[in-house]
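See below for the structure under consideration.
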Amino acid sequence: MKLDVILRVGTKLVLPFILLFAFYVQFHGDYGPGGGFQAGVIAAGMVILYAIIFGLKAAQRVIPQELVQVMIPLGVLVYAGTGVVSMLLGYKFLEYTGFAQKFLTAHEWGILFVELGVFITVSGTMSAMFYAFVGRGR
Amino acid sequence: MDQLKVFVTHYNYFITIFLMVAGLYIVIARGNMIKKLIGLSLFQTSVYLLYLSAGKIVGGTAPIYDPAFKFYSNPLPHVLILTAIVVGVSTFALGLALVVRIHEAYGTVEEDEIFAKDDGA
Amino acid sequence: MNKDGVSGAVVEGASVQGTGLIKGASIEGVPVESLLMMVLLTLLAVITIAIVRQRNMFGVVMLASIYSFLMASVMMVLDAVDVAMTEASVGAGISTVILLATLHLTKSVEYPQVRGVIIPIFVSVVVGAALIWGTMSLPPFGIVDAPVHMHTAPTYLAASRDHLAPPNMVTSVLADYRSFDTLGETAVIFTAGIGVLMLLKGRRRKMLGESEGQGDRGGEA
């Protein structure tokens, strides 16, 4: 797939910043607008942009289909695992107080892990859905 | 004056109902399944608008705490709608996948043609 | 006129009692954001009429994308910044791409007008009238002492103020207070994702209209 050179170079320039913005949204979610849902969708948007410009084959070389399919259940597992760990620490399911000495720090750690699980599931699901729809047409 | 006041202070709700009814109309009146799904998502979006309108305080700010601000909109509707949007797009994609399979089986996405083929078979 | 109506809805200069918000503070009515939102909502209604009337499916998809961006702007004015970000990226990004992929797969370009419109319009008008009748008893938009602000919201605000939760209340409610909810939502996304994969990952079969070399349509769901 040979498109305009401006599109190809421009996309390559923009891609790292999209990923950087996704991680900013992910990890800055405690202090500004953002969180796992938004960051996951933005990261999937990066995959979709790459696939639109360079073709599905090239996108699947960078982010393999097997990887995104594993990410779908992995995120749920990370989320539920956070709850199980908090139970092992002697608190209720998904009660983060045991993760650190200070109350706020403990809860921020808990939110971090939970949002990570959400990010993995959402980005994996959106990318896998896109691959499934586009791959069906060939 | 009084009625104008009611109209202005309930304008959000009126638009919400208009969007909801438009979505309902598309679902009932249009036979194309993709258009039906878009109508369903219009319906869904109107519910988002209803929830967020209820949570808004005029003159307040976004629910991110800062000592400089005193009034914040209610964060609870935001949380409910935030998750609803992402779940909504997942189920929307599931519906579209079903439409793709129906098209592969019947060769059309028009409801009437599908019924006709079912009756003929 | 708008100015009067909207600022009249806000308890002007009144101290807010019993909400758990910072007491003794007053809100000066800001009619500009209400006016802006009314303009955006009117645009939204116009786009909706265009979606209903448009028969070209590509046009419908583009209009739906515009609708999502307008909706994100409305959410921005409604102070729901997290939701606006999600709607802009999901509604205008992912769902447009997936809709275009579906149009490509189904080759659905334009559809004929075949159905009667009397019954759908009747149903819609009746439902709309009932909903408007029910809406009249809702509290006015944007007032500070609406019942919805009385209950749990002051708790979340107090926790963020007292450094028991992160400043972004939406994140703390989403991942801490209501993390069971979010676990359920994540499970729903997981289920929908594997549903799409199950439906679309299999071997592609021949269409009914084409010459059936494989003849295995009986197995179709």
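Proteins come first, then strands; the chains are lettered A, B, ... in the order of their sequence lines, and each starts at number 1.
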When you compare the side chain of [Y] with that of [X], does any pair of heavy atoms fall below 4.5 Å?
X	Y	answer
C:Ser160	C:Pro166	no
C:Leu183	C:Ser179	no
B:Phe71	C:Val144	yes

Which one of [options] has the most heavy-atom pairs closer than 4.5 Å to chain C?
options	result
B:Leu80, B:Ile102, B:Asp66, B:Ile34	B:Ile34
B:Val99, B:Asn12, B:Val87	B:Asn12
B:Val86, B:Leu24, B:Ile26, B:Thr45	B:Thr45
B:Pro63, B:Ser41, B:Ala62, B:Ala93	B:Pro63
B:Leu50, B:Leu49, B:Leu96, B:Ile81	B:Leu96
B:Leu37, B:Thr91, B:Thr61	B:Thr61

Q: Report the C-alpha separation of B:Asp118 and B:Tyr106 in whole Å, then their side-chain angles, then the decisive distance to 0.1 Å, and conclude whether the side-chain hydrogen bond (donor to acceptor under 3.5 Å, both in side chains) test is met.
A: CA-CA 9 Å; B:Asp118 266 352; B:Tyr106 288 90; 3.0 Å; yes

Q) Taking 4.0 angstrom as the limit, do B:Glu111 and B:Arg30 come out as a salt bridge? A) no

Selection from [options] maximising heavy-atom pairs under 4.5 Å formed with chain B:
options	result
C:Glu87, C:Met169, C:Met136, C:Met85	C:Met169
C:Val125, C:Asp82, C:Asp181, C:Ile121	C:Ile121
C:Val148, C:Thr182, C:Ile119	C:Val148
C:Thr171, C:Val74, C:Thr48, C:Val61	C:Thr48
C:Thr106, C:Val127, C:Asn168	C:Thr106
C:Thr152, C:Thr186, C:Leu103, C:Thr42	C:Thr42

Q) In Å and rounded to the nearest 0.5 Å, what is the CG to CE distance from C:Leu99 to C:Met57? A) 7.5 Å

Which bit of [X] comes within less than 4.5 Å of chain C, counting heavy atoms only: side chain, backbone, both or neither?
X	value
B:Thr83	both
B:Ile15	side chain
B:Leu98	both
B:Ile38	side chain
B:His78	both

Q) Passes side chain to side chain contact (heavy atoms under 4.5 Å, CB included), B:Leu76 versus C:His151? Steps please. A) CA-CA 10 Å; B:Leu76 193 54; C:His151 191 37; over 6 Å; no

**Q.** B:Arg101 side chain vs C:Leu199 backbone, donor-acceptor pair below 3.5 Å
**A.** yes

Q) Should we say atom OH of B:Tyr51 is surrounded by more than 12 heavy atoms from elsewhere, each under 6.0 Å from it? A) no

**Q.** Other residues, nucleotides, ligands: >12 heavy atoms within 6.0 Å of B:Met20 CE
**A.** yes

Q: Indicate, with yes or no, if the rings of B:Phe14 and B:Phe18 have centres closer together than 6.0 Å.
A: no

Q.
Is C:Ala146 close to chain B through its backbone or its side chain, or both, or neither, when contacts mean heavy atoms under 4.5 Å?
A. neither

Q | chain B contact via C:Val188 - side chain, backbone, both or neither, heavy atoms under 4.5 Å | A | side chain

Q: Check the pair C:Tyr177, C:Tyr156 against ring pair (Phe, Tyr, Trp, His ring centres under 6.0 Å), reporting the backbone distance first and the verdict last.
A: CA-CA 9 Å; C:Tyr177 291 98; C:Tyr156 303 141; 4.7 Å; yes

